[in-house]
Every structure is written in C-alpha cells, then in structure tokens.
Amino acid sequence: MIQLKPYISTSCSCSCGGDLYFSEYLWQGLHVCEILVCNRCNKKRINSLPVNQSILEPYTFYPDSGVVNDAQGNIVPDNWYSKKLRSIVSPVQDDIEIEIDIIRKYDEVLILNTLDYIYGHSFLFLLNLQQIVKSGTSLGIVVIVQPMLKWLIPREDVAEIWTVNLEFKSFNNYYPDLSTKINSELVRFKKVELSKGHVIPTNENININKFTGIKPYDFLNEPAHPRITFIWREDPDRLWIRNIYLSKGFKKIGFGLLLIPFQYLRIIFIFKLLKNKLGMKYNYSVAGLGKFGRFPSFIKDGRAKYFTEEAEKMLCKVYAESALVIGVHGSGMLLPSAHAGMAISLMPSKRWANYAEDILFTEKDVRLASFQRRIVPLNMCIFDLIDIISDMISGRDYFLKKFIHSDEL
Ligand SMILES: [Zn+2]
C-alpha cells in the first residue's frame, strides 16, 4: 500500500533546475496521481501512483507538453492506458455525485480504488479486498466503487463505501469535480493509505461466496440435474464466431449484430449434440446478458435483459448450479467460472496475451485445476469442443481416481 496522508515527500527536481513540490492528489479513475509543481517555472508533473496497472507500467505525465514518459524516461505513444492519463488536459466539467456510506468510523483508513472504464478491471480490483481483509489490518477499509459493483462488497468487512455515480465508459475521461470531492473526504482522516489494487488480485483462490453470497457448485452435493451453461454475450467483439476477420469486418462496417443469429444457431446445435451424448441428466441452459432469439424448450433461458442486483444474483445461482460453463473469453466469464464446477473459456485470436485473466480458479490441486478450467481456441471445430465438454463431464470421476490420491506409499 501507499501512504497518501500524511504525505511523504521525496526530493524531486524539475528540468529547469527548480524543485518540485506536492500540490494535490488527482483521481482520474484507474489513474490515481500526485501533482507536483515546480517552484521556479511553475510547470506541473503528474505521477501516476504505482497502483493497479501503474504497478506494471508506471507513467509520468507532463500536461504542459502533453508528453507521457515511462519509468525509463521514454515517450509513451497513445495506448489504452496512457490515453486515460492524457485525458487530464481535456477535463469534463460535470458535477459528479458521490454517495458516502459510513458503516464504521475510523481515523486511519486504507482506500481500495476500483474505478475503471471496464467492468472486468473494476471487478478484479474489488477482489483485492479478500487479501486486505485477510491481512487483519487495523485500518478502516474504504472502497471506492461504481454502482454496478456495489452489491458485491461485504459490508461487514469495510468501514465506508463511496459510490461514484458514473458508468464505466465515463472513465475514459477526467472529472475535476470527482477528484475534488474525493480529496475533500480525505480531510476527515488522520492517516490514509491506498491499496495496491493489483490487476490480478491474488494468487490464492477467491472465496466468491463472500462477495456474492452464493456458494459455488459442490461436486460432493450435486443437484439431481446439473446444468451445462453457455454464457451469452451480444457485443460484436465477443460473439462465438470462428472467423475473427468476419467478426472484425462486420463490426467495422457497423453490422456486428448481424452475426448474433450464427451464435444462436451454434448454441442450439452444440446442445443438441451434447443432449444426444449425455442425455437428460443435465439441464442445458443459456445465461448471461442478452435477449436475442427463443431457444427450443430443452434449453433453459436464464439470460438477463439488464444487469440489476437481483438479476446478477439470479445469474450467479444459475452458474452455481452448473457442472460446467462455457463462453467466450472476457469479463463475462469471471463470475461464471468462480461459481461453476468447471469452465471452458473460448479464446479469440489475438487475445492470447490475456490468458487466464477471465478465469477464477477454485481448485487447490494444480492438476485438477488444469482439468476443470480450460482455455481453448475459439475457432476450434465444434465437434472437438463437444468431445472436450463431454469428456470433462463424464471423465471427471476417473480423473480424480487416477490423479488425486491421499495414500502415496
Ligand atoms: Zn521547473
């Protein structure tokens, strides 16, 4: 964690030879920055504090020149991360609503900032809470969150929740009013620390029940008819379409949604073949976000049209009743993989650099984890995929017999 208050100053020089002095903190969203001002030329230097992505890529921004430097002093071109820092020079002067929910009063606090422009990032930042709570810190935990994630915060573990009423895409921008309001809250405390808020929160498995209140699938207490569930999305980037050039081309000309029927037909086809193979012991279902098409009666439609707290809880129940979930790589797989017995993530071409980021593991044994959480190419032939799914479902018991044994003598 990083101490914000009292501020720890370090001697720092400007290129003009003057000294840089701390002015204030700036809360952009995923960038939490310190603004330093030169006492000679008055120029500003904005350091993105080493939390979340800045642990991996620490950037410094010079608003007068518009230059972003990396840790080695090289100029950073526009990328998804530097763009957010550069947004500081084009502030949006809206009045931002923050709801301050004080559950327990503390003089010394640790802030976990989960603000981001992408749901999956924010959700992963929030999961840092598990290790913070486990550390037994004497600091009161303050979580800064957007409305959609608020329901996931275990209130019994935190001191305050600050809900910023902005949607995810808003955090492509910088709102000075938001920054001022967060800074004005810091006045209440004697000491303020900022959590590192790691991009991938912990190397320990996440106890998802603590966040959602829903116990994950239990192989020792299986339902009579476990589900096999496809995680539905309708955004053109994450459709189950084998040819990436087709989906990219359609998206480019604004016709990405025309491919949704192909995904719909593929799901019906795969479930028909799985039903022929595995029979009616299993409930075949679709969950996730969307509404396109009506499925045949043997496929249960558990999709939500909108995300509300109630809808999200219902979806998590569907995931937790699923022996296996399958879906296209992305943040939409985080809650399903955390709750389901097993998971398959279909990895689109050109996305392999994000390997395993969308899967939350539940297994302690690495071999069982490799069996139960699989990442396969999205463009895999559907018959190979059926082979993998049916073997995972019907071969798990034998795998346990073969690989997991307590008597080593
Ligand atoms: Zn200077």
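Order of listing sets the numbers, starting from 1, for every ligand and every atom in it. As the structure is a prediction and not an experimental result, all values here were calculated from the model. What you see below is based on every heavy atom in this structure, not just the backbone, and it leaves out hydrogens, waters and symmetry mates.
Distances from the Zn ion (ligand 1) under 2.8 Å pick out these protein N/O/S atoms: Cys14 SG, Cys16 SG, Cys38 SG, Cys41 SG.
Between Ser87 and His31 the shortest side-chain heavy-atom distance does not fall below 4.5 Å.
A search for salt bridge (charged side-chain N to carboxylate O under 4.0 Å, His left out) contacts involving Lys181 returns Asp95, Asp177, not counting sequence neighbours. The salt bridge (charged side-chain N to carboxylate O under 4.0 Å, His left out) test applied to Asp387 returns no partner, not counting sequence neighbours. Residues meeting the salt bridge (charged side-chain N to carboxylate O under 4.0 Å, His left out) test with Lys191, sequence neighbours left out: Glu193.
Taking a cutoff of 4.0 Å between a charged side-chain nitrogen and a carboxylate oxygen, Lys300 and Glu321 do not qualify as a salt bridge.
Using a distance-only test at 3.5 Å, with no hydrogens or angles considered, a donor-acceptor pair links the side chain of Asn39 to the main chain of Asp19.
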